[in-house]
Amino acid sequence: MSGAGEPGAQMPSQTPDQTPDQAPTQAPQPTSSASSLTRIPRAPFPGLRPFLPYEEILLFGRERQVREVIAKLQETQFVAVIGGSGSGKSSLVLAGVVPELRSFGIPGAGDFWVPMICTPGTNATLADEEKRLNTPITRLARKFAALLRSRGSQAQDDARLEEIAARLREELGFAHLVDLYTAELAAPPGPDPADARFLFVIDQFEELFHPTTRHGKDANLLVERVIDHFFSPHPRCYIVLTMRSEHLNDCAGFLELPDAINKSSYLVRRLDDNELKDAITKPPRRLLRLKKLADEGAARLPADVEFDASVINRLVRDARRVSDDPDHLPLLQHALARTWQAASLRVAEHLDLPDRLTLDDLRVAACGSSDEAQAALADGVNVLRASVEHWAEAAYLRHTTKEREQLTLLMPRLGVRDPNTGMYSQQRAQVAECAGLLGPGKTADDLKKLVANGFLGEVNYLYWDDDDPRRITLKVSHESLIRGWARLRGAIDAQAERFEEFVGVVRKCDKWHRARRGDSQLLVENELQRFDHEKLDVLLADPKQRQAWFARLGTSAAYEGLSKQDGAVDEFVRLSRLRVQRSKDLESRRKRNRKFLS
């Protein structure tokens with residue numbers, strides 16, 4: 001892989017809590033000095049988020065896989081990187097493939113590569129789709145527009161943004177973008193924009209199949225444009241997508257997408273023990289070397305960064321014990337990030353970087369508090385799983401009682417559980433709506449202040465996406481947080497059970513409607529008790545929540561036709577209550593009559 005000081009290794013600067021999709025996008029500088037190209041990371045381990053392009057110097061254990069992906073990309077100009085959630089797909093592409101391409105990774109293609117990294121997004125509303133806002137096409141168009149020089153005014157730039165989205169919707173849309181806008185590329189003096197290779201990275205491609213996305217016109221158009229590119233690639237255009245392997249079956253819904261994936265897919269494999277050890281021990285030493293080269297407070301830097309052998313052995317053992325868990329790599333990175341934090345705090349008085357990571361540091365990483373570290377490394381404890389559970393819970397508990405209530409209201413908005421498979425998926429929560437959960441008059445700033453305490457930055461539990469100021473969203477940085485933190489998972493489970501109760505009510509309403517509104521199809525008393533227990537009357541009284549849940553009914557064949565009952569369900573519940581009350585009144589009269597007769 002390329003070194004940090006090689007040409008083209010620079011990426012635009014990012015704040016510490018940014019994930020790849022949030023990173024500013026701009027044309028790279030193909031040549032420059034090593035000192036101006038190197039952005040030194042804050043820490044050697046990213047936590048739950050993927051490695052970012054400027055962190056390629058910290059990505060170890062993936063060198064062979066990087067070469068294999070680039071070989072496929074050279075052959076077809078398209079690669080689908082496939083793997084389970086947490087298998088390292090995004091890190092492999094963003095911090096492995098992208099920097100290597102900029103270091104002459106494809107012979108003859110040069111080092112002037114322009115990467116554009118985007119995710120399709122989820123939870124676009126019906127109004128968004130009608131106005132073509134915040135759709136997969138418009139999200140990609142916004143990222144692409146950020147690569148170009150301004151046309152002189154905001155109005156002109158806004159018009160060009162709409163023009164880019166329109167061009168992308170056309171047949172051979174990616175080729176159109178390269179042909180039409182290369183001359184406007186915001187390239188530095190020297191390189192010829194005509195030599196630029198455009199690399200479109202569509203991360204989390206499975207978001208196109210999300211229930212809130214897959215029926216949108218722009219979602220389908222983006223898939224078609226990817227297929228266009230595969231069969232007729234522009235000579236200076238390359239596409240890499242990453243996708244969770246469990247969504248391969250969703251690709252079969254598009255006639256020629258399976259052909260493209262079959263021809264040029266790459267299945268990410270797990271790391272072996274030696275690669276795991278490299279991923280553990282080498283990033284801190286690389287970071288130390290960079291800081292010494294940059295002369296960043298050399299007097300407070302150690303001679304080396306070492307690991308106690310017991311730390312390495314325990315981390316590798318526990319990673320192996322959960323190797324069948326798709327989350328084992330992000331969980332490992334999280335445990336390493338917390339171990340690094342503990343070691344850094346321990347030596348902070350005299351060193352800027354720790355000289356050794358010890359078993360005591362690992363204990364703190366495992367339990368979330370130095371006060372309870374003694375039992376944290378019992379043989380039956382898996383450090384990787386314990387770390388994310390305990391630290392996320394500690395972040396929650398550091399809030400006041402009122403703030404915990406607010407966080408609890410927010411949690412169900414951050415993920416969904418598939419009723420058929422039981423699998424969890426993250427979903428984007430609309431910040432404008434979630435701010436209302438905090439109370440009357442609360443704003444996005446209030447919500448950000450709430451989650452910034454323990455959940456943004458550091459090891460990146462949540463991701464605040466304000467790339468489009470008109471529609472700011474919040475989501476988990478990785479789904480391993482849902483599976484790994486019992487409180488968050490429980491909130492999402494409870495919401496899933498509430499949704500299934502809602503489905504049961506609407507399904508019975510549908511039967512009642514089909515049976516010409518016969519009393520026998522109305523809800524009975526125990527069903528109404530469950531309805532009240534789940535507070536479905538509150539949900540139906542909330543226009544936005546109601547619209548969102550009825551919209552979900554229209555996204556699955558299992559709920560076919562149920563969304564049509566939106567206008568009937570209130571009357572159905574009202575008549576059900578009347579019927580139950582009549583039955584109770586009748587039974588009361590019977591009891592009184594029996595008592596009178598006796």
Side-chain angles (χ1 to χ4, degrees), residues 17-19 21-22 47-49 121-125 134 207 210-212 368 388-417 424-468 471-499 502 534-536 538-539 541-549 551-552:
D17 60 345
Q18 284 174 321
T19 63
D21 189 44
Q22 190 182 12
L48 291 184
R49 66 161 172 79
T122 60
N123 284 17
T125 66
N134 199 47
E207 288 188 341
H210 191 275
T212 61
V388 71
E389 167 65 36
H390 292 152
W391 276 95
E393 184 68 8
Y396 172 82
L397 293 175
R398 79 171 63 159
H399 288 79
T400 66
T401 301
K402 179 63 175 178
E403 290 171 340
R404 292 177 200 172
E405 293 174 356
Q406 294 170 339
L407 288 169
T408 300
L409 291 173
L410 174 65
M411 288 178 187
R413 305 291 184 102
L414 298 175
V416 294
R417 188 186 70 188
Y424 297 95
S425 298
Q426 59 84 14
Q427 67 175 2
R428 292 174 180 268
Q430 308 302 323
V431 164
E433 295 178 9
C434 292
L437 299 174
L438 309 187
K442 296 297 183 179
T443 66
D445 289 340
D446 296 311
L447 179 62
K448 189 169 188 179
K449 182 179 178 181
L450 173 69
V451 297
N453 183 8
F455 293 99
L456 295 180
E458 293 185 349
V459 296
N460 303 282
Y461 291 129
L462 299 180
Y463 160 37
W464 184 274
D465 184 358
D466 54 4
D467 184 59
D468 182 354
R471 193 179 182 86
I472 303 173
T473 60
L474 181 71
K475 70 169 189 171
V476 297
S477 289
H478 196 274
E479 287 155 352
S480 56
L481 181 65
I482 299 175
R483 292 183 283 267
W485 182 21
R487 185 180 297 275
L488 176 58
R489 186 173 65 253
I492 292 171
D493 284 343
Q495 186 78 332
E497 290 161 9
R498 189 183 186 205
F499 180 73
F502 165 78
E534 297 293 348
K535 298 182 178 178
L536 294 182
V538 176
L539 179 142
D542 181 340
K544 291 182 178 179
Q545 190 75 355
R546 179 181 183 130
Q547 180 187 24
W549 278 30
R552 280 183 66 184

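In this text, all values refer to a predicted model and were calculated from it rather than measured experimentally.
Looking at heavy atoms from C-beta onward, K442 lies out of side-chain contact with L447 at the 4.5 angstrom threshold. Proximity of Q406 to E403: side-chain heavy atoms (C-beta onward) are separated by under 4.5 Å at one or more points. Counting only heavy atoms from C-beta outward, the side chains of L462 and V476 approach each other to under 4.5 Å. Residues K448 and L456 have side chains in contact (heavy-atom distance under 4.5 Å, counting atoms from C-beta outward). Between F455 and L407 the shortest side-chain heavy-atom distance falls below 4.5 Å. Side-chain contact check for R417 versus E497: some heavy-atom pair is nearer than 4.5 Å. Q547 has its side chain out of reach of D542: every pair of non-hydrogen atoms, C-beta onward, lies at least 4.5 Å apart.
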Worked verdict on R413 versus E433 for side chain to side chain contact (heavy atoms under 4.5 Å, CB included): CA-CA 10 Å; R413 305 291 184 102; E433 295 178 9; 4.1 Å; yes

Chi angles and distances behind the side chain to side chain contact (heavy atoms under 4.5 Å, CB included) call for I482, L414: CA-CA 9 Å; I482 299 175; L414 298 175; 5.9 Å; no

Stepwise side chain to side chain contact (heavy atoms under 4.5 Å, CB included) check, T401 with E405: CA-CA 6 Å; T401 301; E405 293 174 356; 4.1 Å; yes

Side chain to side chain contact (heavy atoms under 4.5 Å, CB included) between K475 and D465, worked out: CA-CA 8 Å; K475 70 169 189 171; D465 184 358; over 6 Å; no

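Each of L438, L488, V451 was compared with L410 under the side-chain contact (heavy atoms from CB on, under 4.5 Å) criterion, and only V451 meets it.
Atom-to-atom distance recorded for E393:CD and R487:CZ is 4.0 Å, nearest 0.5 angstrom. For the atom pair CG (L536) and CZ (F499), the distance works out to 11.0 Å, reported to the nearest 0.5 Å. Put simply, NE2 on H478 and OH on Y463 are 14.5 Å apart, with the number rounded to the nearest 0.5 Å. How far CH2 of W391 is from CH2 of W485: 14.0 Å, rounded to the nearest 0.5 Å. Here CE of M411 is found 5.5 Å from OH of Y396. Values are rounded to the nearest 0.5 Å.
Listed here is the closest heavy atom pair of W464 and V431: CH2-CG1, 3.6 Å. L48 approaches S480 most closely through the heavy-atom pair CD2-OG, 3.6 Å. Residues H210 and Q426 approach most closely at NE2-O, 4.0 Å, considering heavy atoms. Residues D446 and G441 come closest through the heavy atom pair OD2-O, 4.4 Å. A pairwise comparison of heavy atoms in S425 and E479 identifies CA-OE2, 3.5 Å as the closest pair. Here the shortest heavy-atom pairing between R483 and Y424 reads NH1-O, 3.7 Å.
With hydrogens and angles ignored, the 3.5 Å screen pairs a side-chain donor or acceptor of R498 with a backbone N or O of K535. Although no hydrogens or angles enter the test, the distance criterion places no donor-acceptor pair under 3.5 Å between the side chain of T473 and the main chain of R428. H399 contributes a side-chain N or O that, together with a main-chain N or O of L450, makes up a donor-acceptor pair within less than 3.5 Å.
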